[in-house]
S.K.: 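Here it is, the structure in full.
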Amino acid sequence: MTSNPTAGLSADEIAERDELAELAEPGETDSRDLYVDLDDLDEQFDDLGDDLDEDEESSDIELIVFDLAGMTVADGVVVERAFALAVERSGIVAVEALEPALEFVRDTMGQSKIGVFRVLAGGDEELAQRGNAAFEGAYAELVASEGIAEIVGAADVVKELHGAGASIAITTGFSPETRDLILDELGWHDLAALVLSPADAGRGYPHPDLPLTALLRTEASAVDAMVVVGDTASVIESGVNAGAGWVVGVLSGAHDRDALEAAGADAVIDAITELPALLGLRGE
């Protein structure tokens, strides 16, 4: 005899059982399927999390700070020639001390020029100012007579990185007058959102003032969202001192790979055109 499945159940319990039976009609999901669906849902959330992490990584870089001299060609040669003329015109160092002074200029390439002249003048501020003025005049003459050019692809790299969502700042150890002379020659006044000299920030390289001022003025969220790029040890040290998330050396200027790495560069590239790929900001 077939047993009665409702035997011993109250009217309320029978009604509840019937409702559950209706929910489990053929074609509907049973409880075992629910466990499978939840597992699939967990996997989907994991995949979504990975995608969000990738998006977050790609947007980590908010600000890229370029050293102006590292984006131009033959600048180091012009600096040395301008310095030699400044020595001749100002008498800041004796002629017989020119070569050691030039070596000091090479070692401190990228630093505030007035700061360099203060060291060479032995603390004599009037002499340092006279030497710096002579240097700026000589530099302007050389740029006017011989011109100055960008490293091939530099402006395109800046535009590409800006297009990828990064703010761009250009910094330099030159005075605002010499800086603007270079920007005039290159037609770069509209290339970056911000252009800074030591006079705009406080101290020049290797102090952190220039990149940190760029960070504040562009309203980047954190120092590790900033990349500092330069071709001299002093620029690299500035980026390290500022706590930049990336500090990148470029082999286009006065200092070699060993010097840039010793200064603390996270990476050293041969040319500025390699930068977007290094930072993961090139759609290739």
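The structure displayed is predicted, hence computed values, not measured ones. Basis for what follows: all heavy atoms, side chains included, without hydrogens, waters or symmetry-related copies. Residue indices begin at 1 and follow the sequence shown.
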S.K.: Closer than 3.5 angstrom, by distance alone: can the side chain of D266 be matched with the main-chain N or O of V248 as a donor-acceptor pair?
M.R.: no
S.K.: Please give me the minimum heavy-atom distance between V247 and V240, naming the atom from each residue.
M.R.: CG2-N, 3.8 Å
S.K.: Closest heavy-atom contact between A101 and L120?
M.R.: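 Looking at all heavy atoms of both residues, the shortest contact is CB-CD2, 4.2 Å.
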S.K.: Applying a strict under-4.5 Å side-chain criterion to I, L, V, M, F, W and Y, I'd like to know whether I92 and V116 cluster together.
M.R.: yes
S.K.: Please report the C-alpha distance between E146 and R81 in whole Å, then the side-chain angles of each, then the deciding distance to 0.1 Å, and finally whether the salt bridge (charged side-chain N to carboxylate O under 4.0 Å, His left out) criterion is met.
M.R.: CA-CA 12 Å; E146 301 177 15; R81 290 174 59 194; 2.8 Å; yes
S.K.: With a 4.0 Å cut-off, would you call E125 and R130 a salt bridge?
M.R.: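 No, E125 and R130 are not salt-bridged.
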S.K.: Is there a side-chain contact between K159 and L191, using heavy atoms and a 4.5 Å cut-off?
M.R.: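 Touching, per the 4.5 Å side-chain cut-off.
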S.K.: For residues A242 and P211, report the shortest heavy-atom separation together with the two atoms involved.
M.R.: CB-CG, 3.8 Å
S.K.: State whether the side chain of S234 and the backbone N or O of Y205 hold a donor-acceptor pair below 3.5 Å, judged by distance alone.
M.R.: no
S.K.: According to a 4.5 Å side-chain heavy-atom criterion applied to Ile, Leu, Val, Met, Phe, Trp and Tyr, with indirect links allowed, do L196 and I114 form part of one hydrophobic cluster?
M.R.: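 L196 does not cluster with I114.
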S.K.: Between F104 and F83, is the ring centroid distance below 6.0 Å?
M.R.: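 For F104 and F83, the ring centres are not under 6.0 Å apart.
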S.K.: Give a yes or no on whether L183 and V235 share a hydrophobic cluster (residues Ile, Leu, Val, Met, Phe, Trp, Tyr; joining criterion: side-chain heavy atoms under 4.5 Å apart).
M.R.: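 Per the 4.5 Å side-chain linkage, L183 and V235 are not co-clustered.
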S.K.: Does the E160 side chain pair with the main chain of P276, one donor and one acceptor, at a distance under 3.5 Å?
M.R.: no
S.K.: Any donor-acceptor pair under 3.5 Å linking the side-chain atoms of D184 with those of H189?
M.R.: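 Their side chains do contain a donor-acceptor pair, which is all the 3.5 Å distance test asks for.
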S.K.: Taking a hydrophobic cluster as the set of Ile, Leu, Val, Met, Phe, Trp and Tyr residues connected by side-chain heavy atoms closer than 4.5 Å, whether directly or through intermediates, do F66 and L181 fall within one such cluster?
M.R.: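 Hydrophobic grouping puts F66 with L181.
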S.K.: Less than 4.0 angstrom from a charged side-chain N to a carboxylate O is my criterion; do D200 and R217 meet it?
M.R.: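 A salt bridge is absent here (no side-chain N lies under 4.0 Å from a carboxylate O).
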S.K.: Could you walk me through whether L63 and L215 pass side-chain contact (heavy atoms from CB on, under 4.5 Å), step by step?
M.R.: CA-CA 7 Å; L63 169 65; L215 183 92; 4.2 Å; yes
S.K.: Let me confirm one number: the CD-CG distance from E261 to D258, rounded to the nearest 0.5 Å.
M.R.: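 Answer for the CD-CG pair, E261 versus D258, is 6.5 Å.
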S.K.: For the atom pair CG (L278) and OG1 (T273), what is the distance rounded to the nearest 0.5 Å?
M.R.: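 So the CG of L278 and the OG1 of T273 are separated by 11.5 Å.
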S.K.: Might you point out which heavy atoms bring S90 and A134 nearest each other, and give the distance in Å?
M.R.: CB-CB, 4.1 Å
S.K.: Is I272 reachable from V228 through a run of I, L, V, M, F, W or Y residues, each pair having side-chain heavy atoms under 4.5 Å apart?
M.R.: no
S.K.: Run the side-chain contact (heavy atoms from CB on, under 4.5 Å) check on V250 and M71 step by step: do they pass?
M.R.: CA-CA 9 Å; V250 185; M71 302 167 68; over 6 Å; no
S.K.: Indicate the atoms forming the closest heavy-atom contact of P208 with R203, along with that distance.
M.R.: CD-NH2, 4.2 Å
S.K.: At what distance, to the nearest 0.5 angstrom, does CD1 of I64 lie from CG of L281?
M.R.: 6.0 Å
S.K.: Measure the spacing between CG of L260 and CD1 of I236 and express it to the nearest 0.5 Å.
M.R.: 5.5 Å
S.K.: Do W188 and V158 pass the side-chain contact (heavy atoms from CB on, under 4.5 Å) test, and can you show the C-alpha distance, the side-chain angles, and the key distance before you say yes or no?
M.R.: CA-CA 11 Å; W188 276 6; V158 170; over 6 Å; no
S.K.: Quick one: pull up CG in L279 and CD1 in I61 and give me the separation to the nearest 0.5 Å.
M.R.: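 Here the interatomic distance stands at 4.5 Å.
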S.K.: Test your reading of the model: is there a side-chain donor-acceptor pair from H255 to the backbone of A259, 3.5 Å cut-off?
M.R.: no
S.K.: For L186, is there any backbone N or O sitting under 3.5 Å from a side-chain donor or acceptor partner on E150?
M.R.: no
S.K.: Could you check whether any side-chain heavy atom of V65 comes within less than 4.5 Å of a side-chain heavy atom of V229, counting everything from C-beta outward?
M.R.: no
S.K.: Mark yes or no for whether S175, through its side chain, and T178, through its backbone, hold a donor-acceptor pair below 3.5 Å.
M.R.: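 Looks like yes, one N/O pair under 3.5 Å.
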S.K.: State, with a plain yes or no, whether a side-chain heavy atom of D231 is found less than 4.5 Å away from one of D67.
M.R.: yes
S.K.: If you define the side chain from C-beta out and look only at heavy atoms, does anything of N241 sit under 4.5 Å from H207?
M.R.: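 No, too far: nothing below the 4.5 Å cut-off.
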S.K.: Can any side-chain N or O of D270 pair as donor or acceptor with the backbone N or O of L251 at less than 3.5 Å?
M.R.: no
S.K.: Which heavy-atom pair separates L194 from A214 by the least distance, and what is that distance?
M.R.: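 Heavy-atom minimum between the residues: CD2-CA, 3.6 Å.
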S.K.: Measure from the side-chain N and O atoms of T172 to the backbone N and O of F174, and report whether any donor-acceptor pair falls under 3.5 Å.
M.R.: yes
S.K.: To the closest 0.5 Å, what do you measure between CD (E80) and CG (L98)?
M.R.: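 The CD atom of E80 sits 9.5 Å away from the CG atom of L98.
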S.K.: Working note: I269 + L275, criterion side-chain contact (heavy atoms from CB on, under 4.5 Å); need CA distance, chi angles, decisive distance, verdict.
M.R.: CA-CA 8 Å; I269 54 180; L275 186 62; 4.1 Å; yes
S.K.: Using a 3.5 Å distance criterion without hydrogens, assess whether the side chain of D224 forms a donor-acceptor pair with backbone atoms of G245.
M.R.: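 No, D224 side chain to G245 backbone: no donor-acceptor pair under 3.5 Å.
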S.K.: Can you tell if the side chain of Q129 reaches within under 4.5 Å of the side chain of F117, non-hydrogen atoms only?
M.R.: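 Q129 does not reach F117 side chain to side chain.
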S.K.: Do other residues, nucleotides or ligands put more than 12 heavy atoms under 6.0 Å from E88 CD?
M.R.: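 No, not enclosed.
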S.K.: Taking atom CD as the centre, does E126 end up with more than 12 heavy-atom neighbours from other residues, nucleotides or ligands that are less than 6.0 angstrom away?
M.R.: no
S.K.: Dump the intermediate steps for side-chain hydrogen bond (donor to acceptor under 3.5 Å, both in side chains) on S221 and E62, then the final yes or no.
M.R.: CA-CA 8 Å; S221 64; E62 301 175 20; 2.5 Å; yes
S.K.: Could you check whether R106 pairs with E99 (Lys NZ or Arg NE/NH1/NH2 to Asp/Glu carboxylate O, under 4.0 Å)?
M.R.: yes
